[in-house]
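One is the number of the first residue; the rest follow in order along the sequence.
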Amino acid sequence: MSHAPDGIRPVPDGPPRLPGGRPSVLDGPRLVVDLGRVHRCLSSAVLGGGLGRMRTWLNLQVPPGYSRTDPRAHLAGDAEGLPGPVVGMMTAAPVAAYADVRCGLCRAVATAGVRHGMAAAATRPRPVAAPEEAGDGTGPGTINLLVVVGVPLAAPGLVNALATAVEAKAQALAAARIPARNADGFATGTATDAVCVACPPGRGSMFAGPATRVGGDTGRAVYEAVLAAVAARGRSLAPGDRAEDLRAAGGMPSGTVPDLAL
């Protein structure tokens, strides 16, 4: 039996488990994933962020132009009644346009708003939204990610898995040809993205880069989930460009619906 931190039931050593959890549930403005039991996690989320524990992921849709100054308290209120601990994120993108992808040892759930894609290393000032854009639903975008792996990871392994997931997100945005507004080339994300990587408790690996089995599955699941979430929001590709990738990820045909989301 593996050692686990106090308060977390350890899992037996043995073959890797498929990433568990119940199906994604839409409840009004809430997208909820209950993993069924407490997991270790590393997250940049407003609620439950950092290195800790989680059972439930909450992705809360808020109105464009959201201006509350207490987002953690807001999320905590909406998380009442959910099995805890809860990791909570916010987005103005419609959470109904989510993607839930399983690949080997990994499950990735994503919502994607890419209207204002950003490059991590800016080469020009970020454009300021015009007044007519301020309330039209085209403000700063957000890509929210839940990544669940089916094997325990040590703290360095969680960091490695999170890095792999973020790299795969950037790869997916390049495949979908999402432009950066602050640099030449494609976006690597948006200014407000959030991610959570979760794993079962137990004695875990320190490695989850793309050369490992768990890292390779993480990269593929995130890549396909982000592509599918972008497609679900109607982001058009250049005619014929990477359409096969999007269709394989459950997305749309190329060259359709040029509307972009938050």
**OP:** Find out if a path of hydrophobic residues (ILVMFWY) with successive side-chain heavy-atom gaps under 4.5 Å connects Val149 to Phe207.
**Re:** no

Original post:
Would you say Arg22's side chain and Gly36's backbone share a donor-acceptor pair under 3.5 angstrom?
Top reply: no

Original post:
Between OG1 of Thr111 and CG of Asp100, what distance do you get to the nearest 0.5 Å?
Top reply: 12.0 Å

Original post:
Just how far is it from atom CG of Leu105 to atom CZ of Arg220, taken to the nearest 0.5 Å?
Top reply: 15.0 Å

**OP:** Would you please test Ser44 and Met89 for side-chain contact (heavy atoms from CB on, under 4.5 Å) and show each step?
**Re:** CA-CA 9 Å; Ser44 63; Met89 305 176 183; 5.7 Å; no

Subject >> Gap between atom CG of Leu60 and atom CG of Asp78 - 0.5 Å precision >> reply: 4.5 Å

Original post:
Looking only at heavy atoms, which two atoms of Met118 and Ala191 are closest? And how far apart?
Top reply: CG-N, 3.8 Å

**OP:** Starting at CZ of Arg102, measure out to CD of Glu224 and round the result to the nearest 0.5 Å.
**Re:** 14.0 Å

Original post:
Where do Cys103 and Asp217 come nearest, in terms of heavy atoms and distance?
Top reply: O-CB, 3.3 Å

**OP:** Taking all non-hydrogen atoms of both residues into account, name the closest pair between Val230 and Ala176 and its distance.
**Re:** CG1-CB, 4.3 Å

**OP:** For Val87 and Leu47, run side-chain contact (heavy atoms from CB on, under 4.5 Å): C-alpha distance rounded to whole Å, both residues' side-chain angles, the deciding distance at 0.1 Å, then the answer.
**Re:** CA-CA 5 Å; Val87 165; Leu47 178 66; over 6 Å; no

Subject >> Heavy-atom donor-acceptor pair, Thr188 side chain to Ala120 backbone, under 3.5 Å >> reply: yes

Subject >> Shortest non-hydrogen contact between Leu75 and Gly88, atoms and distance >> reply: CD1-O, 3.5 Å

**OP:** Examine Leu158 and Met206 and state if one hydrophobic cluster contains both, with Ile, Leu, Val, Met, Phe, Trp and Tyr joined whenever side-chain heavy atoms are less than 4.5 Å apart.
**Re:** no

Subject >> Residues Thr142 and Thr190: side-chain donor-acceptor under 3.5 angstrom >> reply: no

Subject >> Ala183 backbone acceptor or donor facing Arg124 side chain under 3.5 Å >> reply: yes

Original post:
Distance-only, no hydrogens or angles: does the Thr164 side chain make a donor-acceptor pair with backbone N or O of Gly216 under 3.5 Å?
Top reply: no

**OP:** May I ask you to decide if Pro83's main-chain N or O and Thr56's side chain share a donor-acceptor pair within less than 3.5 Å?
**Re:** yes

Original post:
Please walk me through it: do Arg30 and Leu58 pass side-chain contact (heavy atoms from CB on, under 4.5 Å)?
Top reply: CA-CA 7 Å; Arg30 304 192 307 177; Leu58 167 63; 3.8 Å; yes

Original post:
Taking all non-hydrogen atoms of both residues, which atom of Ala168 and which atom of Gly219 are closest, and how far apart?
Top reply: CB-O, 3.3 Å

Subject >> Point-to-point distance, once rounded to the nearest 0.5 Å, from CZ of Arg68 to CE of Met90 >> reply: 6.5 Å

Original post:
Are Val147 and Cys106 side-chain neighbours, meaning at least one heavy-atom pair lies under 4.5 Å?
Top reply: yes

**OP:** Spell out, as yes or no, whether a donor-acceptor pair under 3.5 Å connects the side chain of Arg53 to the backbone of Cys41.
**Re:** no

Original post:
Side-chain contact, heavy-atom cut-off 4.5 Å: Met54 with Leu35?
Top reply: yes

**OP:** Establish whether Val46 and Val32 are linked, either directly or via other cluster members, by ILVMFWY side-chain heavy-atom contacts under 4.5 Å.
**Re:** yes

Original post:
What are the two closest heavy atoms between Ala110 and Ala229, and how far apart are they?
Top reply: O-CB, 3.7 Å

Subject >> Backbone of Val95 reached by a side-chain donor or acceptor of Gln61 within 3.5 Å >> reply: yes

**OP:** Assess whether atom CZ of Phe186 is packed by more than 12 heavy atoms of other residues, nucleotides or ligands within 6.0 Å.
**Re:** yes

**OP:** State the CG-CG distance between Leu26 and Leu31, to the nearest 0.5 angstrom.
**Re:** 5.5 Å

Original post:
Among side-chain atoms of Asn144 and Thr91, is any donor-acceptor pair under 3.5 angstrom?
Top reply: no

Subject >> Close side-chain approach of Glu167 and Lys169, heavy atoms under 4.5 Å >> reply: no

Original post:
Is a side-chain N or O of His116 found less than 3.5 angstrom from the main chain of Val114, in a donor-acceptor match?
Top reply: no

Original post:
Counting N and O atoms only, with roles assigned by atom type, does the side chain of Asn182 sit under 3.5 Å from a partner on the main chain of Pro125, one being a donor and the other an acceptor?
Top reply: no

Subject >> Stepwise side-chain contact (heavy atoms from CB on, under 4.5 Å) check, Val109 with Leu145 >> reply: CA-CA 6 Å; Val109 185; Leu145 275 171; over 6 Å; no

